[in-house]
Student: 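Sharing a structure here in structure tokens format.
Just so it is clear, the model here is predicted, and its values are computed rather than measured. A note on names: the letters A, B, ... follow the listed sequences, proteins ahead of strands, and every chain is numbered from 1.
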Amino acid sequence: MKRRLILLIPLVLFLGMAVFLFKGLYLNPSELPSALIDKPLPAFALPAVNDPGRILTQADFKGKPALVNVWGTWCVACREEHPVLNALKEQGITIYGINYKDDNASALKWLQEFHNPYQLDVRDDKGSLGLDLGVYGAPETYLIDSKGVIRYKHVGIVSQQVWRDELAPRYQQLMEAP
Amino acid sequence: MIPELGHLALILALCMAVVQSTFPLLGAWRGNQQWMGLAQPAAWGQFTFLLFAFGCLTWSFLTDDFSVTYVAENSNSLLPWYYKFSAVWGAHEGSLLLWALILGGWTFAVSIFSRQLPEDMLTRVLSIMGMISTGFLLFLIMTSNPFSRLLPQSPVDGNDLNPLLQDVGLIVHPPMLYMGYVGFSVAFAFAIAALLGGRLDAAWARWSRPWTLVAWTFLGIGIVLGSWWSYYELGWGGWWFWDPVENASFMPWLVGTALIHSLSVTEKRGVFKSWTVLLAIAAFSLSLLGTFLVRSGVLTSVHAFASDPTRGVFILAFLLVVVGSSLTLFALRAPVVKSQVSFGLWSRETFLLVNNLILVVAASTILLGTLYPLIIDTLSGAKLSVGPPYFNALFVPLMVILMMALAIGMLVRWKTTPLRWLQGMLVPVLIASVVLGMLAAFMLGDFHWAVLAACSLASWVVLAGLRDLQDKTRHKGWIQGIRSLSRSYWGMQAAHLGLAVSALGIVLSTQFTAERDLRMAPGESVELAGYHFVFDGTQHFEGPNFKSDYGTLRVSKDNRNVAVLHPEKRLYVVQRSVMTEAGIDAGFKRDLYVALGEPLEDGAWAVRIHIKPFVRWIWLGGVLMAIGGLLSMSDKRYRFKVRQRVSQSLGLKEAQV
């Protein structure tokens, strides 16, 4: 009888997995856990990518509405996204970067070669800030207002179209707000 | 009219599948010959109708019938004809139809080539495959009909095939992968039929083994093609990303690898029966799970086609029925009697068990890593990602242990091996492989521990194989001896050699890749790892459905011309998407790889240049493994012996041939 019970283990494991799969069907991975919208950026104190001596905190991101872009050199999609960010920077949009779980040397190399769109770039090689932000994967882009409050989150590549349809109107709104 | 005929054929195929899955099974249970006799004609009818339906969809693509929704979404009149053909399986509905067609094909093949099986066994196998087919056809017809029309307002032209898929590799990659996925359904059906009939013996293992080998071979080729495609098509030289969809194809392959090894123990020694059955169920379940992950949009991925919860619910329900019921059956019917056969520590049985454990643990870690974000999300709502670091950290050490054990496993004998003899065989191999590894690590440039380890391990596997060959031929002399070895022996050697070659390719190309990303104006040149690259600028070029900037780089080494590379940046007009086509000079010892980044001012471009030593070995190893699979499968013991109408009385003695 005992041996029979052992044979049941695969079934139990599978049924357990099925529960998660079923719940997973109704989750939308591109939805931000609503908890973080309209909340200030989580507190952090991390070095800058291009200057290990300089410690950046959430206060450095305040002042004007901006995009906060989570990226990494290991992320395929970030390469696709990069030229768009460069173009946005040319248009005068403030972009902050969070270099997520990355090797700093390759990040520096990347920025040198592909052009640096980030006004400030946080070195989050341990992924602690990413964890607080609830980063699902790179790239992700947050829209924050001048007080450093998160207003919108986009998961995935910021393409010209995403900028035009989703981010630009909200950014405009934040710029016009007092 | 043609699409409607196709739709009708699909429905008829479903009817056939229902017949095939019910009456014959009841017949086998009640001993009713006539009902059992329905299995074969129903399987043939089903395959015919599926072929017809597939033909109808292909016809709609080739004649640009944009009134069919699926065609309008995935084709365009400007698309070259071969891409119109491959667009049939370019998206969700069509690839499901291909799935069903291949399943029909496998069922047909089983009904033709397994006529020597006892009738009740064959009937049960066909019935179970009919059930799987019923599920898939229901799914196809109810949620993803490829023949639905856009009437009355049908578009003038189609939306074009996703440019990423407009590639030769992608014409063949999905069919190969599906051949593998679906092929495991045969091993699965054999396992279930054996559980139902209470006939889990050496004969069962012998029947399933060639089918499993074919499926495993196809799946391997599919994975290699996918990896090769991402290497040259995604434009930045990576060949494996631990993407959920890649994992979905890799897990069944790993479990399938365990299965073919475990089947050989069950076939030759009659042990590990329950374990083998469980592996057969697992291999196919993971294939289904792969389908679920890709089709339901549960995990975000570049490959995910459709995020539609109704589809997801259907596949999940299907998965529950298939896997849940087969595991229940397993729990109820799997033999619990401890085998009488015993074996020692230094025996082939032990080492095949080690092989199985490592492969299953590897597949489980990948499964965990793939589903972990989903589990955490469900439990706490936190979003996180599991990246390549996790997979590499767990997978690489497991493969190291696997390769260490593999060499010993090739030499040890069934039952038990005298340790002294084994030492005599392997100590020289060990010394030689460490020496070779050191030599290679110091000769190949900068010293890396990884290179030393990889070269030593690869030599360890290859030399142990040679040592075994020497041992096998010691009585007859080389020529005579080599001739007398069976095909499945050569298959084993080829596949193991393939593993060593792949491992070398992976480590060497990762360690010694030289890459530069730089701005190049026409006429400028750059030196990289001894190669001299001259950029001749780009030309405009009009393809059938794209516009291209066609670059030219001349490469020379020591003032001798080596290659002229043509990387491209293509703009696909209909979908307005930009694709990178890398320029590659492929070589046995190194690849020169050039991709265009962004256009800069004055005709200059951001250019990415890689030199990747031994990268081709990764796929070469995969091809060797596939050759190994084919050799084993064509071994004569599967051709002659099965004909002798093996029955349950087949004892171990006969099976040991």
Student: Of all residues at least two apart in sequence or in a different chain, which pass the ring-ring contact (aromatic ring centres under 6.0 Å, His included) check with Phe20(A)?
Tutor: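 Not a single residue meets the ring-ring contact (aromatic ring centres under 6.0 Å, His included) criterion with Phe20(A).
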Student: Using a heavy-atom distance cut-off of less than 4.5 Å, which residues of residues 277-285 of chain B contact chain A?
Tutor: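 Listed by number: Leu278(B).
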Student: Determine whether Trp110(A) and Asp517(B) make a side-chain contact, defined as any pair of heavy atoms from C-beta on separated by less than 4.5 Å.
Tutor: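 No - every pair of side-chain heavy atoms lies 4.5 Å or more apart.
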Student: Locate the shortest heavy-atom distance separating Leu367(B) from Met17(A); write the atom from each residue and the value.
Tutor: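 Minimum heavy-atom contact is CD2-SD, 4.0 Å.
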Student: Any chance CZ of Arg151(A) has more than 12 other-residue heavy atoms, nucleotides or ligands included, within less than 6.0 Å?
Tutor: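 Yes - once you tally the heavy atoms of other residues, nucleotides and ligands closer than 6.0 Å, there are more than 12.
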Student: Do Leu289(B) and Leu21(A) come within less than 4.5 Å of each other through their side chains, counting heavy atoms only?
Tutor: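 Counting from C-beta outward, Leu289(B) and Leu21(A) do come under 4.5 Å.
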Student: Give me the atom names and distance for the closest heavy-atom approach of Phe114(A) to Arg608(B).
Tutor: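 Phe114(A) and Arg608(B) have their closest heavy atoms at CZ-NH2, 3.8 Å.
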Student: So, for Phe14(A) and Leu319(B), which heavy atoms are closest and what is the spacing to 0.1 Å?
Tutor: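 Taking every non-hydrogen atom into account, CZ-O, 3.7 Å.
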Student: Would you mind checking which part of Pro10(A) comes under 4.5 Å of any heavy atom in chain B, side chain (CB onward), backbone (N, CA, C, O), both or neither?
Tutor: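 Pro10(A) touches chain B through backbone and side-chain heavy atoms alike.
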Student: Once rounded to the nearest 0.5 Å, what's the spacing between atom OG1 of Thr328(B) and atom CG of Leu8(A)?
Tutor: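 So the OG1 of Thr328(B) and the CG of Leu8(A) are separated by 8.0 Å.
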Student: Answer with side chain, backbone, both or neither: which region of Leu320(B) has an atom nearer than 4.5 Å to a non-hydrogen atom of chain A?
Tutor: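 Both backbone and side chain.
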Student: Given a strict heavy-atom distance threshold of 4.5 Å, which part of Leu15(A) is in contact with chain B: side chain, backbone, both, or neither?
Tutor: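 Interface part for Leu15(A): side chain.
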Student: Any chance you could measure Arg333(B), atom CZ, to Arg4(A), atom CZ, to the nearest 0.5 Å?
Tutor: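 Rounded to the nearest 0.5 Å, the CZ-CZ separation comes to 9.0 Å.
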Student: Once you round to the nearest 0.5 Å, how far does CZ of Phe330(B) lie from CG of Leu7(A)?
Tutor: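 These two atoms lie 5.0 Å from each other.
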